[in-house]
Amino acid sequence: MTLIRSVSLRRVLDSRGNSTVEADVLTESGGFGRAAAPSGASTGEYEAIELPTGESIAAARQHAVPRLVGEVHAGNQREVDAALRAADGTDDFSEIGANSAVAVSMAAAKAGADVLGAPLYQHLGGTFRGDNFPIPLGNVVGGGEHATEATHIQEFLAAPVGAPSVSEAVFANAAVHDRIGALLDERGIAAGTGDEGAWAPPIDDATALELVAEATDDVADDVGFEIGVGLDVAASELYDAGDGVYRYGDAERTPAEQVDYIARLVSEYDLAYVEDPVEENDFDGFADLTDRVGDRTVLCGDDLFVTNVDRLQRGIDEGAGNAVLVKPNQIGTLSDAVDAVELATRNGLQAVVSHRSGETEDATIAHLAVATDAPLIKTGTVGGERTAKLNELIRIAEDAV
Ligand SMILES: C=C(OP(=O)(O)O)C(=O)O
Ligand SMILES: [Mg+2]
């Protein structure tokens, strides 16, 4: 019996030291699930709304909890998420906050899995899931909104596309991170780390690309499989809408020059993956780039699509991108996130399940990626809140969850 008996909400810390929402869901038969909301820094304009933690918890206690307790089955995810939407009553979760919504949605899924005695990925994806694993894209150098005085491009990613197993991919990314630390040291460049644990050195984007290419080549030679390079440009953060140009410090690029620049980088560095190469309103520029290099690389919309099926459908119709980033808190519920993956997959786009820059120990996204058979996952490389997901992937692969 998965009828929800209680829902508790509390403030806990996230990896940036900010508060976030944690939810506990208990069912009539004693099933239990706990989950916490992540939080973005380079958030998209069209994301669901994250409210201040206390405000979100108070609103969820008032509006959502009465619609869940004794009313809804934790094992029926569509029912849980429909109740959250009905309790909120807006399109963007601005009444109860996407932070409380996603925490309850994920906690209910875990409670449903607990009652079944099944791993979360099987409850969400079915019994035949668990044979394929996503390739983890590892953020190894970064800047943008995730670190000050570092690169303009937000994330430089190791992409272990040739790894024979998820475990070998995870360790390869950690080795690339370590190798970059050594290369920075050899060059006398002092570097701290950004919000996701990537190195945040005071170097320009071209130098960062050379460094990451060298480190991925070195580690690929050691491990004996291919490791590519990817980028999250997070171009909305570089775009000055007033002047209509992208600003990289003192340098400027027009929207057309931005597309040329990214196309050049794809060719020069044989990039395996590029996320948000243009700003979040530029479907045309995204489509132009997809025409030019979409047959050679993964072009993924994060701020462009915000895990929203309407925006994703527009991208599909206009040929903008060939992949979608899937962040459950961007849209507010697991059902909405799964809808985005399924729409993408039906139309030949790849799904990339993703963490946020502000994270917790919650490992739901590891299960979501396996449950939906997503080919890629972006969840950092080092740091406890990042390794929580990576280690969970290793456990899932070993059938040890
Ligand atoms: C993970 C990302 O950063 P944030 O969570 O700050 O949006 C991203 O842009 O892909
Ligand atoms: Mg992004």
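For ligands, and for the atoms within them, numbers begin at 1 and follow the listed sequence.
- Protein atoms of type N/O/S that fall under 2.8 Å from the Mg ion (ligand 2) number 3 in this view.
- Between K378 and E275, at least one side-chain N (NZ, or NE/NH1/NH2) sits under 4.0 Å from a carboxylate O, which counts as a salt bridge.
- Judged by the 6.0 Å and 45° rule, R253 forms no cation-pi pair with Y246.
- Closer than 4.0 angstrom to ligand 1 lie heavy atoms from G40, A41, S42, H146, Q154, E155, E196, D232, E275, D302, L325, K327, H355, R356, S357, K378.
- When the shell of 6.0 Å around CG of D221 is examined, it contains more than 12 heavy atoms from other residues, nucleotides or ligands.
- Applying the salt bridge (Lys or Arg N to Asp or Glu O under 4.0 Å) definition to pairs two or more places apart or across chains, those involving residues 46-56 are E47-R356.
- Between E210 and R187 there is no salt bridge, since no side-chain N of the basic residue sits under 4.0 Å from a carboxylate O of the acidic one.
- Among residues at least two apart or in separate chains, salt bridge (Lys or Arg N to Asp or Glu O under 4.0 Å) pairs with a member in residues 305-325 are R314-E318.
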Would you check, one step at a time, whether the test side-chain contact (heavy atoms from CB on, under 4.5 Å) holds for T27 with L3? CA-CA 5 Å; T27 73; L3 196 65; over 6 Å; no
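- The only option from K389, K110, H355 that meets the side chain to side chain donor-acceptor pair (under 3.5 Å) definition with D362 turns out to be K110.
- The shortest side-chain heavy-atom distance between D232 and D276 falls under the 4.5 Å cut-off.
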